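One structure below.
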Amino acid sequence: VMSLLINLGATLLLVGTLSMGLAGALLSMGGAYACIGVCTLPAMVVRVGLRLRLDVAGNLVGFGLPLVANFVSTWVLQLSDRYLLGRLGSLDSTASYSVAYTLGSALAMIITPFLLAWSPLMYSIARRDDAARVYQLVFRWFHLILLFATYGLSLASINLLYVFFPPDYRSTAPVIPIVAVSIMFSGVYNFFNVGVSIRRKTWFAVLFTTLAALVNVGLNIVLIPLYRAMGAAVSTLIAYALLALIAYIVNQRIYRIPFEIGLFAIALFIGIVLYTSSSFLVQKQSLYITDAVDLCTLICYGGCLMLLGKLAR
């Protein structure tokens, strides 16, 4: 929370008041990360002291070094669409797309805390005799909750776009659910990488994200001149879906887990059908009717997901 407040306050001061632009934004981000270090490192040193363990250091370097390249590929995967849209499209379309992308990325508020908790739990579960079964159960409810959140946050984000942004931005409303589904696939991808993490084959993650990033860039180059913001969104969705698919196939060979992909596909299909049908029904309707239909379909989707979860064995 302190990091977030420092980043926000420094950005308002350096970018808004002092007009430092990009440099101010980077300094704000750096100050926020420095806050985390200042608040945590002294407490860690006081509690456990300083001891050099070359064996542990070697394991950490071997495990973490490939993740540096993975971070770069992920950065390209996440940001190449807006860069190429600015180069191949227009600044206006890039601005409206960026707003829609940010609203569609609200799902990260759910995925990020889960991954923070999941990382240490994943390794402790691996020591159990029934580890594969536990992973299966966690993924079952993780993806069902994630799909429900994707549906609900997509509807809420579209309402925010209509209420708080100028009418010119409304043309990018269809981008929001596409981006939300892309973020959902990124969360599923992180879960599918259980085998890579447990077997300490993190260099596979570099291959996955690099391939997805290259696909995203290539599709952006082809689709952006034709479909502008929608082309960028579809490129991102295809790249993230491919990322999850490749991770699933490879991880099943490294560490087999019965992930109930059929259940995930059915739940995703039901959500797409409900969303598409409701969008067709509310065309040219008032905001109140639209919200009522959206709420009904959201409740219906939640009931379907609960039923699927209980029927699964």
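Here the structure is a predicted model, which means the values were calculated and not measured.
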Worksheet item: Rounded to the nearest 0.5 Å, how far does CG of Asn193 lie from CE of Met122?
Response: 8.5 Å

Discussion item. Checking the side chain of Asn7 only, and the main-chain atoms of Ala32 only, is there a donor and an acceptor separated by less than 3.5 Å?
Written reply: no

Fill in: Within one Ile-Leu-Val-Met-Phe-Trp-Tyr cluster: Leu155 and Leu153, side-chain cutoff 4.5 Å
yes

Item to complete: Verify whether one side chain among Tyr151 and Thr297 offers a donor that lies under 3.5 Å from an acceptor in the other.
Response: yes

Discussion item. Treating Ser28 as the side-chain partner and Thr11 as the backbone partner, does any N or O pair qualify as donor plus acceptor under 3.5 Å?
Written reply: yes

Practice prompt. Please name the pair of heavy atoms, one in Val175 and one in Ala233, separated by the smallest distance, quoted to 0.1 Å.
Written response: CG1-CB, 3.9 Å

Worksheet item: Given the rule that I, L, V, M, F, W and Y join up when any side-chain heavy atoms are under 4.5 Å apart, are Trp141 and Phe185 in one cluster?
Response: yes

Practice prompt. For residues Glu260 and Phe139, determine if any side-chain heavy atom of one lies less than 4.5 Å from a side-chain heavy atom of the other.
Written response: no

Worksheet item: Can you tell me how far the CG atom of Leu116 sits from the CD1 atom of Ile111, to the nearest 0.5 Å?
Response: 12.0 Å

Discussion item. Determine whether the aromatic ring centres of residues Trp118 and Phe142 are separated by less than 6.0 angstrom.
Written reply: no

Worksheet entry | Separation between CG of Leu107 and OG of Ser154, rounded to the nearest 0.5 Å | 8.0 Å

Fill in: Leu146 CG to Leu268 CG distance, which is reported to the nearest 0.5 Å
10.5 Å

Fill in: Single-linkage hydrophobic cluster, 4.5 Å side-chain cutoff, Val196 and Ile249 together
yes

Fill in: Nearest atoms (heavy-atom pairs only) where Asn216 meets Thr236
OD1-N, 3.5 Å

Fill in: Ser278 versus Val293, closest heavy-atom pair with distance
CB-CG1, 4.0 Å

Worksheet item: Going by heavy atoms in the side chains, are Gln78 and Tyr240 under 4.5 Å from each other?
Response: yes

Practice prompt. Examine distances only and state if a side-chain atom of Ser124 and a backbone atom of Leu121 form a donor-acceptor pair shorter than 3.5 Å.
Written response: yes

Worksheet item: Do the non-hydrogen side-chain atoms of Tyr189 and Tyr248 ever get within less than 4.5 Å of each other?
Response: no

Worksheet item: Say you draw a straight line from CG of Leu245 to CZ of Phe208; how long is it, rounded to the nearest 0.5 Å?
Response: 10.5 Å

Discussion item. Rounded to the nearest 0.5 Å, what separates atom NZ in Lys310 from atom CG in Leu144?
Written reply: 12.0 Å

Fill in: Check: Ile224 and Asn220 side chains under 4.5 Å, non-hydrogen atoms
yes

Fill in: Same cluster (ILVMFWY, side-chain, under 4.5 Å), Phe191 and Leu137
no

Fill in: Validation row: Val99, Thr172 side chains within 4.5 angstrom (heavy atoms)
no

Worksheet entry | Non-hydrogen side-chain atoms of Tyr123 and Ser197 separated by less than 4.5 Å | yes

Worksheet item: If every non-hydrogen atom of Ile257 is compared with every non-hydrogen atom of Gln136, which pair is closest and at what distance?
Response: CG2-N, 4.2 Å

Worksheet item: Which atom names give the shortest non-hydrogen contact between Ala131 and Ile125, and what distance separates them?
Response: CB-O, 3.2 Å

Discussion item. Checking Ser90 against Ser93: is there a side-chain donor and acceptor pair closer than 3.5 Å?
Written reply: yes

Response to the item:
Heavy atoms of Gly21 and Val15 approach each other most closely as O-CG2, 3.6 Å

Discussion item. Less than 6.0 angstrom from the centroid, inside 45 degrees of the normal: does Arg82 satisfy that with respect to the ring of Tyr97?
Written reply: no

Worksheet item: Can you tell me if CZ on Arg170 sees more than 12 non-hydrogen neighbours from other groups inside 6.0 Å?
Response: yes

Fill in: Aromatic contact, Phe259 with Phe192 (centres under 6.0 Å)
yes

Worksheet item: Is the backbone of Leu207 close enough, under 3.5 Å, to the side chain of Thr210 for a donor and an acceptor to pair up by distance?
Response: no

Worksheet item: Is there side-chain contact between Val215 and Leu77, with at least one heavy-atom pair below 4.5 Å?
Response: no

Practice prompt. Tell me whether Tyr301 is reachable from Phe269 by hopping between hydrophobic residues (I, L, V, M, F, W, Y) whose side-chain heavy atoms are closer than 4.5 Å.
Written response: no

Worksheet item: Under the criterion side chain to side chain contact (heavy atoms under 4.5 Å, CB included), which of Leu84, Val222, Leu223, Asp81 is the partner of Ser235?
Response: Leu223

Discussion item. Can you confirm whether Tyr33 is buried at OH, in the sense that more than 12 heavy atoms of other residues, nucleotides or ligands lie under 6.0 Å from that atom?
Written reply: no

Fill in: pair Leu12-Thr17: side-chain heavy atoms closer than 4.5 Å
no

